[in-house]
Each structure stands twice: as structure tokens, then as C-alpha cells.
Amino acid sequence: MAAAVTARLAPAADDHPWYGRSFSTAWGSRERHPMIPVEPDMVAEVAVDTAFDEGRWRHPVRLLRLREDMAPVDVPTFGEGDRPAAG
């Protein structure tokens, strides 16, 4: 799955608002890793639990599959509406 996703990634435009951001890879970790923005041109189905704290998932998000049957415009923005993004 990682190879399939990596093959389709394209760098984001230079004016992407997240350039220069970083993230930690473990809860409570102070080690920071750079984030490289990419164009949002594919949809992925993920599995998460409901533990959400300070704007992030508390547990790892698992990639289930790429949704070749959907485009990004088909998916509600996170936090938009009261239904899952996929039906």
C-alpha cells in the first residue's frame, strides 16, 4: 500500500500554507519531523478510533485502501456535517 500511495504523490505548490511545519511521531515525544506537503489529489479510506485530543488522533490512523472511485471534491471537509465521509 505504501508503494501505491508513494507512486501517486506530487509535491504541493510553493505557496502551500503548511510548508515549514513539523510533527511528532509519538504521543508526548519532543522529537520533531519535517512535513512535506503534497497535492491533495487522491482519497484514502482510513480506520481510526474516537480518541481525539488537542486537534489530533491519539492513536495511529490505519490506511485501509485508496478510493479510486472517489475524488477529493466528493469528500466532506473534516468536521463538516454529521455523517461519515463515505457511505
Side-chain angles (χ1 to χ4, degrees):
M1 182 64 66
V5 172
T6 301
R8 293 188 49 191
L9 294 177
D14 291 338
D15 62 347
H16 193 286
W18 293 356
Y19 270 114
R21 300 278 179 119
S22 63
F23 64 95
S24 65
T25 58
W27 190 258
S29 171
R30 294 183 190 269
E31 185 178 357
R32 306 297 290 176
H33 298 275
M35 197 257 327
I36 301 170
V38 297
E39 285 299 322
D41 59 2
M42 65 180 122
V43 175
E45 184 175 342
V46 298
V48 298
D49 67 19
T50 58
F52 195 76
D53 191 24
E54 296 182 19
R56 62 184 176 188
W57 299 111
R58 290 193 66 183
H59 302 112
V61 175
R62 285 188 356 204
L63 174 62
L64 299 178
R65 65 183 173 140
L66 292 178
R67 293 294 304 261
E68 302 291 345
D69 60 324
M70 298 178 77
V73 297
D74 299 329
V75 181
T77 302
F78 185 78
E80 178 183 299
D82 60 354
R83 62 184 180 79

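The shown structure was predicted, so the numbers you read here are calculated from the model rather than taken from an experiment.
The shortest heavy-atom contact between M1 and L64 is CE-O, 3.6 Å. Nearest heavy atoms, P72 versus P40: CG-O, 3.3 Å. The nearest pair of heavy atoms linking Y19 to A12 is OH-O, 3.0 Å.
Side-chain contact between L63 and V5: present, with at least one pair of heavy atoms (C-beta onward) separated by less than 4.5 Å.
Within a 6.0 Å radius of CD1 in I36, no more than 12 heavy atoms belonging to other residues, nucleotides or ligands are found. Enclosure of atom CZ in R32 by more than 12 non-hydrogen atoms of other residues, nucleotides or ligands within 6.0 angstrom is indicated.
To the nearest 0.5 angstrom, L66 atom CG is 5.5 Å from R8 atom CZ. Atoms CD and CE, on E68 and M42 in that order, are 9.0 Å from each other to the nearest 0.5 Å. If you take CZ on R65 and CD on E45, they are separated by 4.5 Å, rounding to the nearest 0.5 Å.
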